[in-house]
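Because only heavy atoms are used, hydrogens play no part in the values below, and waters and symmetry mates are left out as well, while side chains stay in. Naming: A, B, ... by sequence-line order, numbering from 1 per chain.
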Amino acid sequence: MVAKFQALRGTRDIMSPDSERQRALVDSFAEQARLAGYGHIMSPIFEDLGVFLRVGDSTDVVTKEMYDFEDKDGKRIALRPELTASVVRAFVQHNPPSLPWKVWYEGPQFRHEKPQAGRYRQFSQVGIEVLGSDDPAVDIEVITLGWRFYQSLGMSQVSLLLNSLGDETCRPAYFAALEEYLRDNAANLSEKSVETLDKNPLRVLDSKRGQDQEIVAGAPVMVDYLTEETGEHFAAVREGLDSLGISYEISPRLVRGLDYYTRTTFEFASTALENAQNAVGGGGRYDGLAESLGGKPTPGIGFALGVDRILLACDAENVFEHAGVVPDVFIVDDVGGGEATVLADELRSRGIAADRGFDGRSMKAQMKVANRSNAPWAIIIGETEKADGTVTLRDMHGDTGQTLIGRNDLPNELAQRLGESPR
RNA sequence: GUGAUUGUAGCUCAGUUCGGUUAGAGCACUUGGUUGUGGUCCAAGAUGUCGGGGGUUCAAAUCCCCUCAGUCACCCCA
């Protein structure tokens with residue numbers, strides 16, 4: 001017997017109508033980006049491994065989960081585990097003359113994780129990045145764009161968590177205080193957290209282990225250590241969101257998994273999702289990243305939103321449904337199929353979506369397929385119609401019955417009827 | 001990566017405890033009732049490597065081992 005293959009672990013085939021739905025989601029995101037003046041960037045799916053190593057050496061995304069390999073030239077390559085690093089690499093490489101540089105993207109990314117619902121090894125994100133300005137108005141614009149996008153899909157159960165991680169001027173004092181606090185309490189921390197503590201004390205705040213909760217709750221928080229300048233920046237962001245009526249929750253322990261974040265960080269969580277994978281998007285400032293990729297010091301901010309999880313959240317909220325592919329008309333040809341071949345081509349050329357029956361099935365069988373296709377109209381061609389140079393146009397949804405129409409009048413007649421009734 | 005749990009028709013699932021006739025149901029599908037007309041109804045029909053491989057046994061969907069995949073928690077993150 002021939003061995004059968006299946007999609008690899010953590011990957012899947014997305015088929016109609018889910019695939020149409022995903023496209024519609026990306027279209028909706030593209031529209032939000034266009035409205036705010038963002039250009040589309042399509043960067044390569046694989047990059048020099050080094051691009052991603054700059055993202056941080058205490059993050060699992062980089063240290064444990066990358067799909068990296070040597071290509072035939074012996075070059076170290078990685079499938080992109082995230083897109084910010086690629087976009088910043090592109091920014092540094094092309095050095096755009098006009099700042100700020102505003103781009104949006106969409107596409108697959110790859111992380112070798114243990115799969116779960118809403119967590120795949122190949123997953124899709126949409127996102128934006130802005131390089132070249134640290135105006136808090138940019139932070140506000142970025143966060144707002146994400147917020148409005150969720151709204152455009154009909155989602156209402158999304159909460160916005162906001163924090164500031166400070167910058168190099170305020171971090172040292174905070175880190176010292178945090179580390180001291182955690183070390184003093186190390187005896188009561190979980191083993192895992194003690195390990196994390198050695199690499200990046202900040203990340204301990206993210207622990208979900210019950211044992212750590214009490215200690216984490218009492219830990220000093222970054223927002224109390226912000227210098228005057230970062231504090232003002234953060235205040236300006238909050239005021240901006242207030243003025244737009246966007247509600248948020250200050251979350252002093254929101255840390256985010258990638259090491260490059262500074263100052264403003266945020267996360268969108270779906271309250272409609274009950275599992276642990278309820279973060280449907282996140283982002284923040286990364287004012288040092290361009291420089292670490294060999295560019296001029298350039299502030300940056302952006303976010304990435306998880307397409308797969310957003311669709312799960314939409315399911316949970318019963319919004320953003322999609323019917324898949326629905327033709328305008330279904331042609332039932334009872335005289336051999338040649339009439340259907342010509343008519344379908346003619347209608348399609350005029351921009352009318354036409355599907356048809358095949359295999360010379362009975363009229364009844366073809367009508368069932370027509371019904372299933374959900375097309376609002378069926379065209380029936382039988383012996384009588386063929387002899388008279390007519391076709392029967394049947395209303396499949398309404399109650400106007402069916403009428404006999406001259407074969408040559410059909411395209412105009414159909415175009416008119418389709419124009420009249422929104423479908 | 002750690003721990004747990006599930007896998008039977010295209011889909012949702014029963015059957016597995018305690019091995020034993022040709023492995024079932026609903027939905028979907030095909031054909032017919034309806035000699036040209038879908039959606040409701042009625043009837044008939046087709047469809048399974050019981051996730052895969054190996055083992056125990058006279059006999060395995062059922063027991064054992066390995067393996068693949070999904071799901072949940074941790075981890076991590078979108």
Could you give the CE-to-P distance, from A:M367 to B:rU37, as a whole number of Å?
9 Å
Gap in Å between the two C1' atoms, one belonging to B:rU17 and one to B:rU62, rounded
10 Å
Determine whether a donor-acceptor pair (one donor, one acceptor, N or O, separation below 3.5 Å) exists between the side chain of A:R119 and the base of B:rC75.
yes
On the side chain of A:R394, is there an atom forming a donor-acceptor pair with the base of B:rG38 - under 3.5 Å, no angle test?
yes
Distance, C1' atom - from B:rG45 to B:rU56, rounded to whole angstrom
40 Å
Donor-acceptor pair, side chain of A:T390 and main chain of A:K386, under 3.5 angstrom:
no
Could you check which of B:rC76, B:rU37, B:rG39 has an atom nearest any side-chain atom of A:N371?
B:rG39
note: A:L161, atom CG; B:rC77, atom P; distance rounded to Å ~ 15 Å
Which part of the nucleic acid, if any, lies within contact of A:G10, taking any heavy atom under 4.0 Å across all strands shown: a base, the sugar-phosphate backbone alone, or nothing?
sugar-phosphate
If the P atom of B:rG20 is compared with that of B:rC64, how far apart are they to the nearest Å?
15 Å
Under 4.0 angstrom, heavy atoms only, what part of the nucleic acid is A:Q109 near: base, sugar-phosphate, or nothing?
nothing
Nearest whole angstrom, please: distance from the P of B:rA43 to the NZ of A:K364.
15 Å
How is A:G118 classified with respect to the nucleic acid when contacts are heavy atoms under 4.0 Å: base, sugar-phosphate, or nothing?
base
With a 3.5 angstrom cut-off on both distances, give the Watson-Crick or G-U wobble partner of B:rC29, or none if there isn't one.
B:rG45
When you compare B:rU30 with B:rC65, how far apart are their C1' atoms, in angstrom units rounded to a whole number?
43 Å
Suppose we define a pair by two distances each less than 3.5 Å, Watson-Crick or G-U wobble; what does B:rU57 pair with here?
none
From CG of A:L305 across to P of B:rC77 the rounded distance in Å is 17 Å
Answer yes or no: is there an ion pair linking A:D206 with A:R253, defined by an N-O contact shorter than 4.0 Å?
no
Would you classify A:A370 as touching base, sugar-phosphate or nothing, given that sugar-phosphate means primed atoms plus P, OP1 and OP2, and contacts are heavy atoms under 4.0 Å?
nothing
Can a donor-acceptor pair be found between the side chains of A:S152 and A:S28 at a distance below 3.5 Å?
yes
Would A:E141 and A:Y38 count as having a side-chain donor-acceptor pair, cut-off 3.5 Å?
yes
Is any NZ, NE, NH1 or NH2 atom of the basic residue among A:R34 and A:E31 found under 4.0 Å from an Asp or Glu carboxylate oxygen of the other?
yes
Report yes if a side-chain nitrogen or oxygen of A:R203 is closer than 4.0 Å to either non-bridging phosphate oxygen (OP1 or OP2) of B:rC77; otherwise report no.
yes
With the side chain of A:R9 defined as its heavy atoms from C-beta on, choose the nearest nucleotide among B:rU34, B:rC75, B:rG70.
B:rG70
Looking only at atom C1', what distance separates B:rC63 and B:rU16, rounded to whole Å?
10 Å
NA contact type, A:R309, heavy-atom cut-off 4.0 Å: base, sugar-phosphate, or nothing?
base
Would you call A:R119 and A:E113 a salt bridge, using N to O less than 4.0 angstrom?
yes
Would you indicate what A:R361 reaches in the nucleic acid, counting non-hydrogen atoms under 4.0 angstrom: base, sugar-phosphate, or nothing?
sugar-phosphate
Quick one: is B:rC29 close enough that its OP1 or OP2 comes under 4.0 Å of any side-chain N or O from A:R372?
yes
P atoms of B:rG7 and B:rC13, separation to the nearest Å
10 Å
Partner lookup for B:rA14, please. Criteria are Watson-Crick or G-U wobble with both distances under 3.5 angstrom; report none if nothing qualifies.
none
Classify the angle between the aromatic ring planes of A:W101 and A:F91 as parallel (below 30°), tilted (30 to 60°) or perpendicular (above 60°).
tilted
State which of B:rC76, B:rG70, B:rA78 makes the closest approach to the side chain of A:D308.
B:rA78
Is it true that the NZ or CZ of A:R183 lies under 6.0 Å from the centre of A:Y181's six-membered ring and within 45 degrees of the ring axis?
no
Contact class for A:Q402 (heavy atom, under 4.0 Å): base, sugar-phosphate, or nothing?
base
Between C1' on B:rC75 and NZ on A:K192, what's the gap in Å once rounded to a whole number?
6 Å
Between atom CZ in A:R12 and atom C1' in B:rU71, what is the gap in whole Å?
14 Å
Please compare A:K114 and A:V307 by the position of their nearest nucleotide in RNA chain B and report the one closer to 5'.
A:K114
In Watson-Crick or G-U wobble terms, both distances under 3.5 Å, what is the partner of B:rU2?
B:rA73
Students often get this wrong, so: under 4.0 angstrom with heavy atoms, is A:E274 touching a base, only sugar-phosphate, or nothing?
nothing
Which nucleotide, in any strand shown, forms a Watson-Crick or G-U wobble pair with B:rG19, with both distances under 3.5 Å?
none
Can you tell which of B:rG36, B:rA78, B:rU31 lies closest to the side chain of A:T384?
B:rG36
Give one of base, sugar-phosphate or nothing for A:I381, where a contact means two heavy atoms less than 4.0 Å apart.
base
Mind checking if A:G281 touches a base, just sugar-phosphate, or nothing, with heavy atoms under 4.0 Å?
sugar-phosphate
Using the C1' atom on both, measure B:rC66 against B:rC27 and round to a whole Å.
36 Å
Using heavy-atom distances to pick each residue's nearest nucleotide on RNA chain B, tell me which of A:Q6 and A:M396 is more 5'.
A:M396
Contact class for A:Y120 vs. all strands (heavy atom < 4.0 Å): base, sugar-phosphate, or nothing?
base
Value in whole Å for how far the P atom of B:rG38 lies from CD1 of A:I379
18 Å
Compute both the distance and the angle, then confirm whether A:R76 meets the cation-pi test with A:F69: under 6.0 Å from the six-membered ring centre, within 45 degrees of the axis.
no
Considering only the C1' atoms, how many Å lie between B:rA23 and B:rG15, rounded to the nearest integer?
8 Å
For A:Q366 and B:rG39, what is the distance between atoms CD and C1' respectively, to the nearest whole Å?
17 Å
So A:I380, base contact, sugar-phosphate only, or nothing? Heavy-atom distance under 4.0 Å.
base
Any side-chain N or O of A:S207 less than 4.0 Å from the OP1 or OP2 oxygen of B:rC75?
yes
For the side chain of A:Q125, counting heavy atoms from C-beta on, which of B:rA78, B:rU31, B:rG36 is nearest?
B:rA78
